[in-house]
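Computed from a prediction, not measured in an experiment: that's the story for all the values here.
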Amino acid sequence: MRALLIRDLRLATRAGGGFGLGLAFFLILCTLVPFGVGPDAAMLSPIAPGILWVGALLSCLLSLDRIFALDHEDGSLDLLATAPIPLEAVVAVKAAAHWLTTGLPLTLAAPIFALLLHLPGAATGDLVLSLLIGTPALSLLGAFGAALTVGLRRGGLLLSLLVLPLYVPTLIFGAEIVRRGAIGADAASPLALLAGITLLSAALIPFAAAAALRINLR
Amino acid sequence: MSMLAVRDLAVARGGMRVAEGISFTLDPGKALILRGPNGIGKTTLLRTIAGLQPPAAGQIETTPDSLAYAAHADGLKSALSVAENLRFWASIFGAQGIDAALSALDLTGLADRPAGTLSAGQKRRLGLARLLVTGRLVWLLDEPTVSLDADAVALFGQVIRAHLRTGGAALIASHIDLGLPEAEMLDLTPHRAAPRGANAVPAGFNEAFG
């Protein structure tokens with residue numbers, strides 16, 4: 001399992017691996033929004049939590065179809081399915097690798113991008129915390145969508161449509177944490193709900209995605 | 001004690017039976033070559049035995065964790081080097097070194113090359129080297145000699161023979177002569193599934209929930 005994680009991380013960071021794609025998209029979005037709505041802090045500050053979370057979510061979405069599609073194309077998924085590690089573990093490891101190459105860099109870079117959007121300084125901690133807790137759920141839910149659409153050509157569009165509704169609760173609670181942080185309110189309850197979504201995804205999705213993969217490999 | 005026993009097996013592709021009534025056993029040290037025209041179900045049979053899809057009917061008996069499957073596609077990552085590709089599969093299957101597998105398929109000189117720069121035949125050899133690091137006893141090979149030249153086919157014949165000598169077994173779908181005169185043949189042509197009239201439509205949606 002560690003070998004699979006190391007392989008996926010290595011593939012993501014080598015040429016053509018797509019590492020940095022999500023981060024670049026996030027940067028572009030956060031740079032363009034002030035041009036679109038105007039650089040006025042009074043205008044940007046209230047919408048910054050939402051923009052940052054929507055940006056993080058869309059950045060995650062960009063690289064989802066790579067989770068299984070590349071392994072399916074070159075035949076490694078068939079070979080992994082017949083390997084001595086359970087398919088559920090393959091899903092969990094690949095979702096973890098996706099998070100390490102997209103969710104984690106986004107979380108770490110978010111405080112810098114928050115400056116571009118005039119996010120109140122007091123909310124920076126909440127932003128990092130909410131992304132740290134919430135982005136694993138994005139990778140896990142995305143792994144489920146990727147498993148459902150793995151055999152399809154041009155499955156990316158269907159994948160986005162399947163995954164977006166599943167992302168909505170994560171987005172609502174994630175952005176709410178940051179919004180409450182910005183106005184100095186208590187964010188404990190959305191934080192607990194967001195953590196609940198992530199834990200539930202981590203517990204259930206490896207099984208659901210592995211079942212979807214088994215059907216798609218037939 | 002046979003390593004793989006198949007009894008009255010029927011296999012389906014896309015919900016349609018392609019071959020049925022297949023029975024054979026595979027004993028240690030034996031190779032069985034599957035023959036038959038395109039579409040008769042050789043690949044489907046191998047995938048069914050490998051556990052990638054359920055049989056339509058019949059039984060497959062095998063020891064757990066004894067099968068290694070090699071498909072048409074080699075499962076190589078072009079951004080990784082030859083040694084990295086092989087080392088990955090070695091650690092997945094809990095094997096130690098990869099040097100023996102590299103030298104058995106004459107890949108030692110290419111170990112540091114990215115797999116993406118290999119020729120088709122070299123990629124195939126790397127895909128076959130993967131079998132050696134699995135440490136599995138029964139090899140299920142789907143057209144293993146595609147894009148191999150005459151020398152590489154001979155090399156592959158030696159690898160198979162060495163595997164059989166050490167108590168392994170192989171089930172090979174192949175059209176060409178592998179230089180294994182001792183191997184048995186199984187022609188799937190007589191096992192072609194009988195047409196089923198109105199029922200012979202792909203099951204599709206219902207199959208997923210059946």
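At a threshold of 4.5 Å between non-hydrogen side-chain atoms, the residues B:Arg136 and A:Pro84 count as touching. Side chains of A:Ile85 and B:Ile92 form a contact here, defined as non-hydrogen atoms less than 4.5 Å apart. With contacts defined as side-chain heavy-atom distances shorter than 4.5 Å, the pair B:Arg130/A:Leu79 qualifies. Put simply, the side chain of A:Leu80 reaches to within 4.5 Å of the side chain of B:Trp89, judged on heavy atoms. Inter-residue side-chain proximity for A:Ile6 and B:Phe88 is flagged as unmet; no heavy-atom pair is nearer than 4.5 Å.
Rounded to the nearest 0.5 angstrom, A:Arg218 CZ and B:Thr48 OG1 are separated by 10.5 Å. Atoms CG and OG, on B:Asp74 and A:Ser76 in that order, are 10.0 Å from each other to the nearest 0.5 Å. Between A:Leu70 atom CG and B:Lys77 atom NZ the span is 5.5 Å, to the nearest 0.5 Å.
Under the side-chain contact (heavy atoms from CB on, under 4.5 Å) test applied with A:Thr82, the options B:Leu140, B:Thr134, B:Leu67, B:Leu52 reduce to a single match, B:Leu52.
The candidate from B:Arg13, B:Gln53, B:Glu84, B:His72 with the greatest count of non-hydrogen atom pairs under 4.5 Å with chain A is B:Glu84. Contacts with chain A were tallied for B:Pro54, B:Gly94, B:Ala71; B:Pro54 has the most, counting heavy-atom pairs under 4.5 Å.
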Hey, mind stepping through A:Arg14 and B:Leu80 against side chain to side chain contact (heavy atoms under 4.5 Å, CB included) and telling me if it holds?
CA-CA 8 Å; A:Arg14 291 242 169 122; B:Leu80 301 181; 3.5 Å; yes
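By the 6.0 Å contact criterion, CZ on A:Phe207 is open, its count of non-hydrogen atoms from other residues, nucleotides or ligands being 12 or less.
Between A:Gly75 and B:Ala73, the closest heavy-atom pair is CA-CB, 3.8 Å.
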